[in-house]
Protein chains: 2
Amino acid sequence: MDVVDERILHHLVRNARATFADIGAEVNLSAPAVKRRVDRMIADETIAGFTTIVDPESLGWGTEAYVQVYCKGTVSPQALFNTWESIPEVVSASTVTGQADAILRVRARNVRDLERALERIRGDDTIDHTESIIVLSRLIERG
Amino acid sequence: MDVVDERILHHLVRNARATFADIGAEVNLSAPAVKRRVDRMIADETIAGFTTIVDPESLGWGTEAYVQVYCKGTVSPQALFNTWESIPEVVSASTVTGQADAILRVRARNVRDLERALERIRGDDTIDHTESIIVLSRLIERG
DNA sequence: GATGAAATGCAGCTGCG
DNA sequence: CGCAGCTGCATTTCATC
């Protein structure tokens, strides 16, 4: 990982379908050299993958919320993971400091769908209660 | 937007660098047909772009936090956007329902860096105070 | 309107220096 | 790492349904 790798990453983050030749032109390297560095970063798991940014509204997923989860007694992160990984509406989940034990980001088609997802999120009986914060408008969205 | 477009999107989300021929093989379409549909979805802004998933740890960005922002009186989302868009640590920002006015997701190199970012986030004088929730471990992270 | 087939140009990939 | 060559994809054009 040097400064050239970082510049290559920067270009790939802006456009994952950029050609190695184009990236090479911007970092003063040949296409094969860029490919070898990218391959190494994939092997390193510095690059976790290439994905497409889809507008959720266009697919009818217009409702988003942050859900703070409060548990009873001791919490096993693994148990929480097992409960939530199968719920497609759960976009991200993290254990956190503070009063809550975890924060989830949830994306649903509508408020009804969100409600159903919340019921599944509360499925584990170690969960005491949840607190939902619905997103009104996205101001910034990066990476 | 039909079911074929959705299947193409699904493959592009899994791998943004997949070839049109490969995608076509999975949805029973020729490479040009896939390309035309993808081009249309880009024009539609259904596809907002292609990006690379980088492991933040590998680049030394190991600290993450959710920041709830509480404002004084009336809030202008545009003013908040103007204040935060230039802060690279701010990964996402949304106005929300509930007691707080906005929630930000912040990624920093370390706790010192996070503190500096928080000072900049509180830069707008319409902001009353902030409440930070530091992420302990990421359990789930999807698209 | 959408598609598939063919042709061209360009990108990816590998071996060698 | 760059260069050269071969393979294979992207892209355009054209004809068809």
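Every chain is numbered from 1 and lettered A, B, ... according to where its sequence line falls, protein lines coming before strand lines.
Along DNA chain C, read 5' to 3', the first and last nucleotides having any atom under 4.0 Å from a heavy atom of chain B are C/dT3 to C/dG12.
For the pair B/Asp2 and B/Arg37, the salt-bridge criterion is met [side-chain N within less than 4.0 Å of a carboxylate O]. Remark: B/Glu119 does not engage B/Arg112 in a salt bridge, criterion side-chain N to carboxylate O under 4.0 Å. B/Glu57 has no carboxylate O lying under 4.0 Å from a charged side-chain N of B/Arg107, or vice versa, which leaves the two without a salt bridge.
Ring geometry for A/Tyr66 versus B/Tyr66: interplanar angle over 60°, hence perpendicular rather than tilted (30 to 60°).
In the region residues 31-47 of chain A, proximity to DNA chain C at under 4.0 angstrom, judged on heavy atoms, holds for A/Pro32, A/Lys35, A/Arg36. For DNA chain C, none of the residues of residues 5-14 of chain A falls under the heavy-atom distance limit of 4.0 Å. DNA chain C is contacted by A/Thr19, A/Phe20, A/Ala21 of residues 17-27 of chain A, taking any non-hydrogen atom closer than 4.0 Å.
Taking the C1' atoms of five terminal pairs at each end of the helix from C/dG1-D/dC17 to C/dG17-D/dC1, the two resulting helix axes are inclined by 30°, rounded to 10°.
In this structure B/Arg17 satisfies the salt bridge (charged side-chain N to carboxylate O under 4.0 Å, His left out) test with no other residue, sequence neighbours excluded. Residues meeting the salt bridge (charged side-chain N to carboxylate O under 4.0 Å, His left out) test with B/Asp128, sequence neighbours left out: none. Taking A/Asp44 as the reference, A/Arg40 meet the salt bridge (charged side-chain N to carboxylate O under 4.0 Å, His left out) condition, with sequence neighbours excluded. Checked against salt bridge (charged side-chain N to carboxylate O under 4.0 Å, His left out), A/Arg116 has the following partners two or more places apart in sequence or in another chain: A/Asp113.
Judged by distance alone, the side chain of B/Arg36 and the main-chain N or O of B/Ala31 form no donor-acceptor pair under 3.5 Å. B/Asp101 contributes a side-chain N or O that, together with a main-chain N or O of B/Cys71, makes up a donor-acceptor pair within less than 3.5 Å.
Listed by chain and number, the hydrophobic cluster partners of B/Trp84 are A/Leu139, A/Ile140, B/Val67, B/Val69, B/Val75, B/Leu80, B/Phe81, B/Ile87, B/Val90, B/Leu104, B/Val106, B/Leu114, B/Leu118, B/Ile121, B/Ile127, B/Ile134, where partners are ILVMFWY side chains within reach of under 4.5 Å, directly or through others. Residue B/Val111 shares its hydrophobic cluster (ILVMFWY side chains chained together at separations under 4.5 Å) with no other residue. Hydrophobic cluster membership for B/Trp61: A/Met1, A/Val3, A/Val4, A/Ile8, A/Leu9, A/Leu12, A/Val13, A/Phe20, A/Ile23, A/Val27, A/Leu29, A/Val34, A/Val38, A/Met41, A/Ile42, A/Ile47, A/Phe50, B/Val54, B/Leu59 (Ile, Leu, Val, Met, Phe, Trp, Tyr linked by side-chain heavy atoms under 4.5 Å, directly or transitively).
Heavy atoms from other residues, nucleotides or ligands lying under 6.0 Å from CD of A/Glu141 number more than 12. Enclosure of atom NE2 in A/His129 by more than 12 non-hydrogen atoms of other residues, nucleotides or ligands within 6.0 angstrom is indicated.
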